[in-house]
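Below, chains carry the letters A, B, ... as their sequence lines are ordered, and counting in each starts from 1.
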Amino acid sequence: MVLKNIRDWIVPSVLLMLFMIMPEIACAAETAMVADTAWWVWVLGLFVFTFLLGIVAVIAGVGGGVLYVPIVSSFFPFHIDFVRGTGLLVALAGALSAGAPLLRKGLANLKLALSMSLIGSISSIAGALVGLALPENVIQLSLGLTILGITVIMFLSKNSAYPQIEKPDSLSQVLQIYGIYYDEHLKKDVNWQIHRTPVGLVLFIVIGFMAGMFGLGAGWANVPVFNLVLGAPLRVSVATSVFVLSVNDTAAAWVYLHKGAVLPLIAVPSVAGMMLGTKIGAKLLTKVHTNVVRRVVITLLGVAGLRALLKGLGIWN
Amino acid sequence: MKQETVHADKVQLAYAAILSKATTLSIVFVILGYVVYIFQLLPLSVPIEQVSENWHLRASEFHQNIHAPFGWNALSDFGKGDALSYISILYLGAVTMFCLVAAGFAFLKEKNVIYTVISFVQLLVLIFAATGIISGGH
């Protein structure tokens, strides 16, 4: 077991070391490339990159949006305003595409989603306005800290497949938030209800604000709040998170659209690459070692977060 | 072994029906709009090279330098390839609103006052964001 754990961490650690010891090479290469490279090379590169990102995102069980912003803003020449605007569209397109089957199967719960997204969408508009008004170095610094925080959450989080709720809270009863779904693993119907609804509402204000500010899809935060705080089953949490994300990201995306922070030249290949990659990733899901991929993704996210942090501090531009 | 039972209610099914159609349409629009843009099948407001020379700038600085279509102003440049691609993205941003209209009326039909109100208030929040009033929209 110990040997297996060590092996699983070798690949990510080597990747991390390579990134850490090559900043000068990376910077020099970046400066030369930005000046000389034709636009279509960047666009094509972005499509291929987001396609690969889509594959690893779905295998690692993370949303594409949370990987897109830190990594693309670190390694592509686009301003972070455009990267954040596109990040929201990438997350939005993915959520819209995944939505219908989840609703039809009864895994996603519209009442749970709408109760949380109403307040979350208002705060995501506020987050987008604040994010587009702040100086670039402040955004990079806070994005770096946020991404490093997400890395820690992803590394430590232990979801609960079927949380036991002794007594639902009164607000969840008023809002009729409870349900039943067929669990393919258990081969039976599972009844569920939630508790701590007011705490969840407050947390969704924070999540919405951060999603709007940084252009991140917020599945990394929605799922633990639904699952660990409110006590919804993991499957319901993951599926319902998609709907909260589609509403919150729509609200914030309109702010970015009106501020001119969306360029079709960048946005469309990103959305197309990510959606295509996600479909391929879903097919590969049963054939690859998901734990290793997840660790590589967490490491990449950590490196990208560190890069954003150092950019914000003016150490690595 | 129990057979799989679908537990989605009528509102969820109504939402899913609109979502499925509107999303498929949005993907078609976005790809067609981009093909028209990138292969310059229609004239452009701003040459692509000029966009790539400025995409390292903040959004506000970018639009001070070049007059690329954005916000609702893109509609006035409808015959231009870049505006068309931009408008297809605006449509993508509207998909959730179509679904909320369907959900709102489905809840109303069920006489579920709380979620009729929540659905339409949520719709108003998104319409408010889409008007661009709060973001100094164009």
Side-chain angles (χ1 to χ4, degrees), chain A residues 34 39 42-43 77-79 81-82 85 89 92-93 96-97 99-100 103-106 108 110-111 114-115 117-118 121-122 125 128-129 132 136 174-176 179-182 184 187-189 246-247 250-255 257-269 271-272 275, chain B residues 1-2 4-8 11-13 15-17 19-20 22-23 26-27 30-31 33-34 37-38 48-49 51-52 55-60 62-63 68 70-71 82 85-86 88-90 92-93 95-97 100 103 112 114-115 118-119 121-122 125-126 129-130 132 134-138:
Chain A
V34 169
W39 65 267
W42 284 116
V43 169
F78 322 126
H79 193 276
D81 282 358
F82 301 118
L89 291 174
L92 174 62
L96 293 175
S97 302
L103 275 175
R104 288 197 188 106
K105 282 190 168 186
L110 210 50
K111 288 176 182 170
L114 286 174
S115 302
S117 67
L118 180 56
S121 60
I122 295 169
I125 293 171
L129 288 168
L132 285 168
E136 186 181 348
V174 171
L175 290 172
Q176 308 149 34
I180 181 170
Y181 73 99
Y182 178 77
E184 286 176 11
K187 306 284 181 207
K188 67 171 189 176
D189 288 340
S246 70
V247 178
T250 294
W254 278 107
V255 176
L257 284 162
H258 283 297
K259 290 283 188 185
V262 173
L263 294 177
L265 193 59
I266 300 171
V268 179
V271 168
M275 288 177 84
Chain B
M1 187 182 293
K2 188 183 187 308
E4 178 170 352
T5 319
V6 174
H7 293 288
V11 182
Q12 297 214 160
L13 293 175
Y15 194 106
L19 179 61
S20 180
T23 303
S26 75
I27 291 166
V30 165
I31 291 171
Y34 197 68
Y37 176 29
I38 221 78
I48 297 175
E49 291 77 12
V51 173
S52 70
W55 62 21
H56 63 286
L57 298 173
R58 283 213 84 147
S60 52
F62 177 93
H63 290 285
F70 74 100
D82 44 356
S85 186
Y86 193 88
S88 73
I89 295 174
L90 292 181
L92 182 70
V95 168
T96 304
M97 292 187 240
L100 284 169
N112 188 328
I114 293 175
Y115 280 95
I118 288 179
S119 299
V121 172
Q122 179 67 79
V125 169
L126 296 188
I134 197 166
S135 40
H138 289 70

**Item:** Which residues share a side-chain hydrogen bond (donor to acceptor under 3.5 Å, both in side chains) with H63(B), sequence neighbours left out
**Value:**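 Checked H63(B) against side-chain hydrogen bond (donor to acceptor under 3.5 Å, both in side chains); zero matches.
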**Asked** Stepwise, does the side chain to side chain contact (heavy atoms under 4.5 Å, CB included) test hold for L92(A) with T96(B)?
**Response** CA-CA 10 Å; L92(A) 174 62; T96(B) 304; 4.3 Å; yes
**Heavy-atom contact with chain B under 4.5 Å, split by part of L265(A)** = both
Kindly compute the distance separating [atom1] ([X]) from [atom2] ([Y]), expressed to the nearest 0.5 Å.
X: L96(A); Y: I27(B); atom1: CG; atom2: CD1; value: 8.5 Å
X: I125(A); Y: L126(B); atom1: CD1; atom2: CG; value: 7.0 Å
X: L132(A); Y: S60(B); atom1: CG; atom2: OG; value: 9.0 Å

Any idea which heavy atoms bring [X] and [Y] closest together, and the distance?
X: L103(A); Y: Y15(B); value: CD1-CD2, 3.3 Å
X: H56(B); Y: H79(A); value: O-CD2, 3.3 Å
X: P264(A); Y: Y37(B); value: CB-CE2, 4.1 Å
X: V262(A); Y: Y86(B); value: O-CE1, 3.5 Å

**Request:** Apply side chain to side chain contact (heavy atoms under 4.5 Å, CB included) to Q176(A) and list each qualifying residue two or more places apart in sequence or on a separate chain.
**Result:**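 Checked Q176(A) against side chain to side chain contact (heavy atoms under 4.5 Å, CB included); matches are K111(A), Y178(A), N112(B), I114(B), Y115(B).
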**Message:** With chain A as the partner, which of V121(B), I48(B), I31(B), V11(B) has the greatest number of non-hydrogen pairs under 4.5 Å?
**Reply:** I48(B)
**Message:** When you compare the side chain of V43(A) with that of Y34(B), does any pair of heavy atoms fall below 4.5 Å?
**Reply:** yes
**Item:** Interface moiety of A17(B) toward chain A, non-hydrogen atoms closer than 4.5 Å
**Value:** backbone
**Request:** Decide yes or no on side chain to side chain contact (heavy atoms under 4.5 Å, CB included) for V268(A) and I38(B), but give the supporting numbers first.
**Result:** CA-CA 11 Å; V268(A) 179; I38(B) 221 78; over 6 Å; no
**Heavy-atom donor-acceptor pair, Q12(B) side chain to L110(A) backbone, under 3.5 Å** =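 A pair under 3.5 Å: yes.
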